[in-house]
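Right, one structure below, let's go through it.
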Amino acid sequence: MAEPLPVTSLWLTCQQPARDQRRGRYVPQTSSHPGKMLPHLAAHAISSYTAPGDLVFDPMCGAGTTLVEAMHLGRHGIGIDVEPRFTQLAAANIALAQSQGATGTAQVLTGDATGLLDLMPASAIGEVSLVLTSPPYGRGTHGLVHTTSTGVRKRDHHYGDRDSGNLAYAGWSRLLDGFATILAASYQLLRPGATVVITCRPVRRHRDDLIDLPGELLAVAQAIGLVPVQRCAAMLAAVRDGQIVHRANMFGLLAVRRARAEGIPVHLVAHEDVLVLRRSAAAPADRRPRPIPQAEPALPGIA
């Protein structure tokens, strides 16, 4: 594989609104997924850490952003998601990319990624150049809004069935344990020297309770033997004439204003952390995760 391109620590990934990044490139129903990765973020990671013809894998692929962007860049993608309605969305987005002349290929599989080695084709073991993924941050997000005769309401802000096995409903400790299992299995798919990119952001359970999810995931990744390379910030805001133009939705703005009114110095989140790690070229493929360090004090579960 070609040497990765130099990557700056600040990724200007939201210079266009997310809806404009997806318009015409994804089927309209993609908006129903509550936690979509930004297409420009995915494309930047794929173009920086892989070469045309490489295999990209997303074990929690949702509506298929990683797969679609890999296809348009001439890479090949495989994705897994536990929710059938989301894998159907991903399949529709793959078909759209094919119809638009994307030179890469992709496939999406429905299943629980904690058992991904039973789902993946044997030919993928040791062939993946990049794992690109983002875990859920809880059972719901801000989602989208629509107006009714009685006011403003949320829609598409929850993941699927609580009994589906989605880690979004697992609680904090089980989410980290599940992600460790997924990452350890993904390790076995990686080529020597391949890259893992995890996008995430801190989680605020209450106005004064900020959980360092990026730090927790970094500890998980190191525990299974991945080597940290870089920690970047992918902008969720535009930069215009030296000023940051936020893309926060109404609910995010309201949460910050209420917290500040109570004297809590909360700020709008304007970036995602991007953890860049690598599998050692000399390390064996079959790695077993070491125990994950426990935070002190133990962090509460995600509501």
Side-chain angles (χ1 to χ4, degrees), residues 25-27 29-30 32-37 39 42-43 45-46 50 53-99 102-136 159-170 174-175 177-191 194-199 224 279 285-287 289:
R25 200 173 177 91
Y26 293 81
V27 298
Q29 296 85 350
T30 302
S32 67
H33 192 283
K36 302 173 288 299
M37 187 181 293
I46 293 164
T50 66
D54 281 350
L55 181 59
V56 178
F57 174 58
D58 187 344
M60 292 173 280
C61 71
T65 301
T66 295
L67 310 181
V68 169
E69 298 307 317
M71 293 174 68
H72 281 292
L73 289 166
R75 280 69 166 172
H76 306 293
I78 301 179
I80 296 174
D81 201 273
V82 73
E83 301 275 4
R85 69 185 179 109
F86 295 148
T87 54
Q88 290 171 9
L89 267 179
N93 284 322
I94 289 170
L96 179 60
Q98 290 172 332
S99 73
T103 56
T105 62
Q107 60 177 308
V108 59
L109 309 170
T110 303
D112 186 343
T114 59
L116 68 85
L117 292 177
D118 293 328
L119 299 170
M120 292 288 287
S123 59
I125 296 176
E127 294 299 325
V128 170
S129 296
L130 172 66
V131 171
L132 172 59
T133 197
S134 180
Y159 288 90
D161 188 347
R162 181 184 293 272
D163 298 325
S164 67
N166 195 315
L167 289 180
Y169 292 95
R174 286 177 56 204
L175 186 152
D177 289 345
F179 189 75
T181 300
I182 292 170
L183 212 54
S186 298
Y187 190 106
Q188 298 188 51
L189 304 177
L190 294 172
R191 290 179 177 179
T195 304
V196 174
V197 172
I198 304 166
T199 74
I224 65 129
R279 183 196 150 187
D286 186 12
R287 293 298 296 263

| request: Test Val131 against Tyr187 for side chain to side chain contact (heavy atoms under 4.5 Å, CB included), laying out the working first. | output: CA-CA 9 Å; Val131 171; Tyr187 190 106; over 6 Å; no
| note | d(Ile125 CD1, Arg191 CZ) to nearest 0.5 Å is 14.5 Å
| message | Please report the interatomic distance NE2(His72) to CD(Gln98), rounded to the nearest 0.5 Å. | response | 10.0 Å
| Side-chain donor-acceptor pair present, Asp58, Thr133, cut-off under 3.5 Å | yes
| query | Is any side-chain heavy atom of Cys61 closer than 4.5 Å to a side-chain heavy atom of Thr66? | reply | no
| message | To the closest 0.5 Å, what do you measure between CG (Asp112) and CG (Leu119)? | response | 8.0 Å
| request: List the atom of Ala43, the atom of Leu73, and the distance in Å for their closest heavy-atom pair. | output: O-CD1, 3.6 Å
| request: Measure the shortest side-chain to side-chain distance between Glu127 and Leu189 over non-hydrogen atoms and say whether it is less than 4.5 angstrom. | output: no
| said: Please give me the minimum heavy-atom distance between Ala185 and Leu116, naming the atom from each residue. | reply: CB-CG, 3.6 Å
| Any donor-acceptor pair under 3.5 Å linking the side chain of Asn93 with the backbone of Ala63? | yes
| request: Check each of Leu130, Leu67, Val56, Thr105 against Arg75 using the side chain to side chain contact (heavy atoms under 4.5 Å, CB included) test, and report the only one that passes. | output: Val56
| Is the closest side-chain heavy-atom distance between Ser134 and Ile198 below 4.5 Å? | no
| message | Are Ile80 and Met60 packed together at the side-chain level, in the sense that at least one heavy-atom pair is separated by less than 4.5 angstrom? | response | no
| field | Rounded distance [0.5 Å steps], CG in Leu109 versus CD1 in Ile78 | value | 7.0 Å
| Of the non-hydrogen atoms in Gly62 and Ala90, which two are nearest, and what is the gap between them? | O-CB, 3.7 Å
| Say you draw a straight line from OG of Ser186 to CG of Leu117; how long is it, rounded to the nearest 0.5 Å? | 8.0 Å
| task | Please confirm whether the backbone N or O of Thr50 pairs with a side-chain atom of Asp54, one donor and one acceptor, at under 3.5 Å? | result | no
| request: May I ask you to check whether Asp81 and Thr110 show a side-chain donor-acceptor distance below 3.5 Å? | output: no
| field | Test side chain to side chain contact (heavy atoms under 4.5 Å, CB included) applied to Ile224 and Val196, Thr181, Leu183, Ile182, the passing residue | value | Leu183
| query | Checking side chain to side chain contact (heavy atoms under 4.5 Å, CB included) for the pair Met71/Thr103: CA distance, chi angles, key distance, verdict? | reply | CA-CA 6 Å; Met71 293 174 68; Thr103 56; over 6 Å; no
| query | What's the shortest heavy-atom distance between Ala113 and Pro59, and which atoms? | reply | CB-O, 3.2 Å
| query | Between Val68 and Ala97, which heavy-atom pair has the shortest distance, and what is it? | reply | CG1-CB, 4.4 Å
| Can you find a pair of side-chain heavy atoms, one from Gln107 and one from Ile94, that are under 4.5 Å apart? | no
| query | Taking side chain as C-beta onward, heavy atoms only, is Tyr26 less than 4.5 Å from Pro39? | reply | yes
| Is the shortest distance from a Lys or Arg side-chain nitrogen in Arg25 or Glu69 to a carboxylate oxygen in the other one below 4.0 Å? | yes
| field | Distance in Å, Glu83 CD paired with Leu89 CG, rounded so as to fall on 0.5 Å steps | value | 11.0 Å
